Participant: 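Structure below; questions to follow.
Side-chain atoms are counted along with the backbone in the values below, which use heavy atoms only and exclude waters and symmetry mates. It should be emphasised that the depicted structure is a prediction, and the values quoted were computed from it without experimental measurement.
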Amino acid sequence: MKEILGKAKSIRELLGGAKYSIDYYQREYRWQTKQMAELINDLTSKFSESYKEGDERGAVEGYGHYFLGSIIISDRDGQKFIIDGQQRCTSLTLLLIFLHHRLQDEKEEKQLADLIFSQRYGKRSFNLDVPDRTPCMEALYTGESFDSTDQLESVVNILGRFADIEEQFPGEVKSVALPYFADWLIENVHLVEITAYADEDAYTIFETMNDRGLSLSPTDMLKGYLLANITDSEQRNHSSKIWRGRIAQCQDLGKEEDADAIKAWLRSQYAQKIRERKRDSKPEDFDLIGTEFHRWIRDHEEALGLLNASSFSRFIERDFKFYSTAYIRAREAGETLTPGLEAIHFNAQHKFTLQYPVLLASLRTEDSEETQLRKMRVAATFIDILITRRIWNWRNINYSSLQYAMFTVIKDIRGKTAPQIAEVLAKRLLDEQETFAGNDRFALHGMNGPQVHRLLARLTDFVETGSGMASRYAEYMATGKKRYEVEHIWADFPQRHKDEISHPSDFAAMRNRIGGLVLLPKNFNASYGSLTYSRKQPHYNAQNLLARSLHPACYQNNPGFLKFIADNQLPFRPMETFNSAEIDERYVLYQKLAERIWAPERLMEVATS
């Protein structure tokens with residue numbers, strides 16, 4: 001074996017002036033929302049342990065450090081190839097691009113840019129040099145749009161994870177603290193770069209470090225601990241069989257889902273405290289369960305009732321079996337629209353992973369299946385209302401922003417009946433400041449496109465199903481060539497509206513208001529998007545019911561729709577010219593639709609129906 005070097009490096013040392021390639025046979029970039037959300041939460045939480053408002057920038061040097069693992073490099077005559085670690089390196093590059101966009105100071109931008117790309121003869125070359133990904137990375141860096149249709153898996157995931165960063169990055173770090181966070185990230189976050197000078201050596205290291213037989217996961221260690229405390233061999237075998245079966249079902253859902261199921265269960269039933277997001281705060285139950293649940297259980301045997309062999313078997317055969325089954329049901333409903341559990345799917349589409357411990361919180365092992373479903377429906381409906389209101393009011397719905405709120409919900413609803421849960425959660429909603437009436441300027445902007453798309457899909461589906469039509473929500477949310485897109489009713493021609501709006505920025509603000517948007521097939525926008533409203537209006541009459549409602553013909557021979565309007569007292573009417581006053585009027589209509597769909601009163605209806 002030739003020389004092998006291992007060196008701890010800061011992000012600046014790792015990426016500054018360096019260039020890494022990835023061999024063609026390497027796997028795609030496959031991080032999903034969950035991995036990106038965990039990275040952001042881990043980094044920002046560690047940063048918040050040290051940061052104090054009012055600190056000098058130089059104080060960052062004394063902030064706590066964070067170890068992000070290792071990467072393995074094969075150095076071939078000076079050209080570096082990443083053998084292991086491209087997922088983290090790609091994700092870090094996306095995070096640096098995000099920070100670069102938000103730090104306006106020229107010096108700040110330059111120090112970040114040097115870690116993202118190098119430039120020679122006026123041409124940019126990204127430090128993570130993968131030609132197939134360059135156009136996508138270039139678009140993200142310059143802030144341009146990029147169509148993911150028919151793109152490679154890596155490109156689709158890169159675009160998705162960048163959107164996740166924008167959605168998940170905590171608001172409290174985005175403002176005054178952001179330059180401090182950027183300093184901390186590039187100076188105080190470290191990886192170990194292991195460099196081999198022959199490919200075979202690099203792969204030997206990789207295989208050794210990732211040999212499944214040499215490392216146990218937290219789930220494996222918890223299993224061993226629980227089974228070791230069951231003294232009767234027959235009972236131990238029975239408990240082991242149940243454990244293996246449920247773990248296998250969780251793993252069928254995806255990587256690390258077994259650990260996520262255990263975390264959701266333990267947090268939902270036992271977490272009593274959570275770390276405050278301030279300097280020198282310590283991790284509490286909720287946090288420790290998320291990072292080392294196997295140790296947490298050992299340290300809380302008495303509180304968990306693990307006092308003898310029978311209690312350990314009961315912990316597996318009754319509690320783990322019950323809550324893992326409920327978790328699997330909830331996760332499957334999150335993936336696929338399921339009758340009665342639709343709200344779980346809606347929340348999952350917003351990438352709101354915090355919903356799962358909340359869904360399990362009120363469940364009791366003695367609950368019937370009907371009771372379990374009813375409780376989960378109430379909790380999921382509450383989350384659906386809460387996060388949609390926050391979106392409408394420009395509030396974050398990321399993990400960091402809502403972690404504490406969801407923890408308090410978990411504690412509030414433990415052990416309660418469905419009507420009691422509805423009463424508690426409805427009161428929380430009534431006490432919230434964010435309502436649909438509280439913001440009359442909700443609009444599409446560069447970062448909330450997917451959220452607006454989902455919201456329009458819900459509004460459209462509500463109108464259609466309320467009018468007696470079959471639900472087409474899944475169709476409106478499908479991806480691929482036949483996908484639907486947000487359509488601006490006003491085409492992007494300010495001069496057409498200069499008689500009422502003189503400034504281009506005022507035109508853009510009015511054009512992007514929610515009342516000026518509908519959801520239509522992608523090919524419609526390509527064919528008719530630039531037309532005047534008078535020429536587009538007849539085509540709207542052949543589309544979904546919310547778009548059709550702009551046309552007078554929609555109100556003729558349409559008894560289901562007319563009854564829906566009357567029953568809900570909604571200000572629907574055809575729009576003749578669609579000027580700014582009619583956009584305002586349409587905004588009020590959408591606002592009232594939202595108030596019907598996401599009404600707090602629905603919680604008790606769900607609980608008692």
Side-chain angles (χ1 to χ4, degrees), residues 333 335-350 377 380-381 384-385 388 436 450-489 514-525 527-528 536-575 578 582 585-599 601-602 605-606 609:
E335 292 292 325
T336 306
L337 206 56
T338 304
L341 298 176
E342 293 90 348
I344 298 178
H345 182 66
F346 300 146
N347 299 335
Q349 288 191 310
H350 285 295
R377 278 197 292 269
T381 302
D384 180 28
I385 296 170
T388 308
F436 296 104
Q451 294 176 338
V452 171
H453 186 131
R454 290 189 286 268
L455 196 148
L456 287 170
R458 295 287 298 281
L459 296 179
T460 305
D461 188 64
F462 178 68
V463 173
E464 292 185 330
T465 56
S467 301
M469 300 169 63
S471 174
R472 296 168 62 196
Y473 178 81
E475 178 184 337
Y476 299 141
M477 293 305 303
T479 57
K481 293 183 179 179
K482 294 184 178 181
R483 70 179 185 272
Y484 279 68
E485 291 184 337
V486 175
E487 153 87 352
H488 287 85
I489 297 173
I514 187 71
L517 308 173
V518 288
L519 206 59
L520 294 173
K522 175 179 169 59
N523 58 11
F524 181 97
N525 194 35
S527 302
Y528 306 107
K536 284 199 281 188
Q537 190 192 34
H539 298 289
Y540 287 153
N541 192 42
Q543 299 298 325
N544 61 66
L545 194 50
L546 190 60
R548 284 188 63 207
S549 67
L550 292 161
H551 196 280
C554 185
Y555 300 81
Q556 301 167 8
N557 302 315
N558 201 345
F561 179 49
L562 297 178
K563 184 176 185 302
F564 169 77
I565 294 173
D567 289 347
N568 289 278
Q569 300 180 325
L570 293 164
F572 271 97
R573 74 171 184 86
M575 298 295 180
F578 212 70
E582 288 184 320
E585 188 177 335
R586 189 82 168 175
Y587 187 101
V588 172
L589 168 65
Y590 284 15
Q591 200 171 49
K592 291 187 178 298
L593 283 170
E595 289 171 345
R596 302 293 192 280
I597 299 170
W598 293 285
E601 294 78 15
R602 287 192 55 226
E605 293 175 11
V606 172
S609 62

Participant: What is the minimum heavy-atom distance between Arg586 and Leu546, and which atoms define it?
Facilitator: NH2-O, 2.6 Å

Participant: Out of curiosity, Leu593 CG to Thr460 OG1, how far, rounded to the nearest 0.5 Å?
Facilitator: 9.0 Å

Participant: Compare all side-chain heavy atoms of Gln537 with those of Pro552 and state whether any distance is below 4.5 angstrom.
Facilitator: yes

Participant: Is Asp384 reaching over with its side chain to a backbone N or O of Ala380, donor-acceptor style, under 3.5 angstrom?
Facilitator: no

Participant: Has the side chain of Gln556 got a donor or acceptor atom that lies under 3.5 Å from a matching backbone atom of Cys554?
Facilitator: no

Participant: So which atom in Leu519 and which in Asn544 form the shortest heavy-atom distance, rounded to 0.1 Å?
Facilitator: O-ND2, 2.6 Å

Participant: Using the rule given for side chain to side chain contact (heavy atoms under 4.5 Å, CB included), can you reason through Tyr555 versus Ser549, listing the C-alpha separation, both sets of side-chain angles and the distance that settles it, and then say yes or no?
Facilitator: CA-CA 7 Å; Tyr555 300 81; Ser549 67; 3.6 Å; yes

Participant: Are the side chain of Asp461 and the backbone N or O of Ala457 linked by a donor-acceptor pair below 3.5 Å?
Facilitator: no

Participant: So do His539 and Leu520 actually touch side chain to side chain, heavy atoms under 4.5 Å?
Facilitator: no

Participant: When rounded to the nearest 0.5 angstrom, what is the spacing between OH in Tyr590 and CD1 in Ile514?
Facilitator: 7.0 Å

Participant: Among Gln543, Arg472, Lys522, His453, exactly one meets side chain to side chain donor-acceptor pair (under 3.5 Å) together with Tyr484. Which residue is that?
Facilitator: Arg472

Participant: Let me see the working for Arg573 and Glu582 under side chain to side chain contact (heavy atoms under 4.5 Å, CB included), right down to the final yes or no.
Facilitator: CA-CA 10 Å; Arg573 74 171 184 86; Glu582 288 184 320; 3.1 Å; yes

Participant: Just do the side chain to side chain contact (heavy atoms under 4.5 Å, CB included) check on Asn558 and Arg548 with the steps written out, would you?
Facilitator: CA-CA 11 Å; Asn558 201 345; Arg548 284 188 63 207; 4.0 Å; yes

Participant: Answer yes or no: is there a donor N or O on one side and an acceptor on the other, between the side chain of Glu585 and the main chain of Met575, under 3.5 Å?
Facilitator: no

Participant: Please name the pair of heavy atoms, one in Glu487 and one in Phe524, separated by the smallest distance, quoted to 0.1 Å.
Facilitator: OE2-CE2, 3.7 Å

Participant: Return the orientation label for the Trp598 and Phe436 ring planes: parallel under 30°, perpendicular over 60°, tilted otherwise.
Facilitator: tilted

Participant: So, for Met469 and Leu545, which heavy atoms are closest and what is the spacing to 0.1 Å?
Facilitator: SD-CD2, 3.8 Å

Participant: So, the side chain of Tyr476 versus the backbone of Leu456: is there a donor-acceptor pair under 3.5 Å, distance only?
Facilitator: no

Participant: Does atom CG (Asp567) have a neighbourhood of more than 12 heavy atoms from anything else shown, all under 6.0 Å?
Facilitator: yes

Participant: Under 4.0 Å between a Lys/Arg side-chain N and an Asp/Glu carboxylate O for Arg377 and Glu605?
Facilitator: no

Participant: At their closest point, which heavy atom of Pro571 faces which heavy atom of Leu589, and how far apart are they?
Facilitator: CD-CD1, 3.9 Å

Participant: How long is the straight-line distance from CG of Leu517 back to NE2 of His488, given to the nearest 0.5 Å?
Facilitator: 5.5 Å

Participant: Any chance you could lay out the side chain to side chain contact (heavy atoms under 4.5 Å, CB included) test for Val463 and Phe561, step after step, and finish with the verdict?
Facilitator: CA-CA 8 Å; Val463 173; Phe561 179 49; 4.0 Å; yes

Participant: As an exercise, state the distance from CZ of Phe564 to CD of Glu464, rounded to the nearest 0.5 Å.
Facilitator: 10.0 Å

Participant: Would you compute the distance between atom CD1 of Ile597 and atom CG of Leu459 and round it to the nearest 0.5 angstrom?
Facilitator: 4.5 Å

Participant: Quick one: CZ on Phe346 to CD1 on Ile385, what's the gap to the nearest 0.5 Å?
Facilitator: 12.0 Å

Participant: Taking the cut-offs as 6.0 angstrom to the six-membered ring centre and 45 degrees off its axis, would you call Arg596 and Phe462 a cation-pi pair?
Facilitator: no

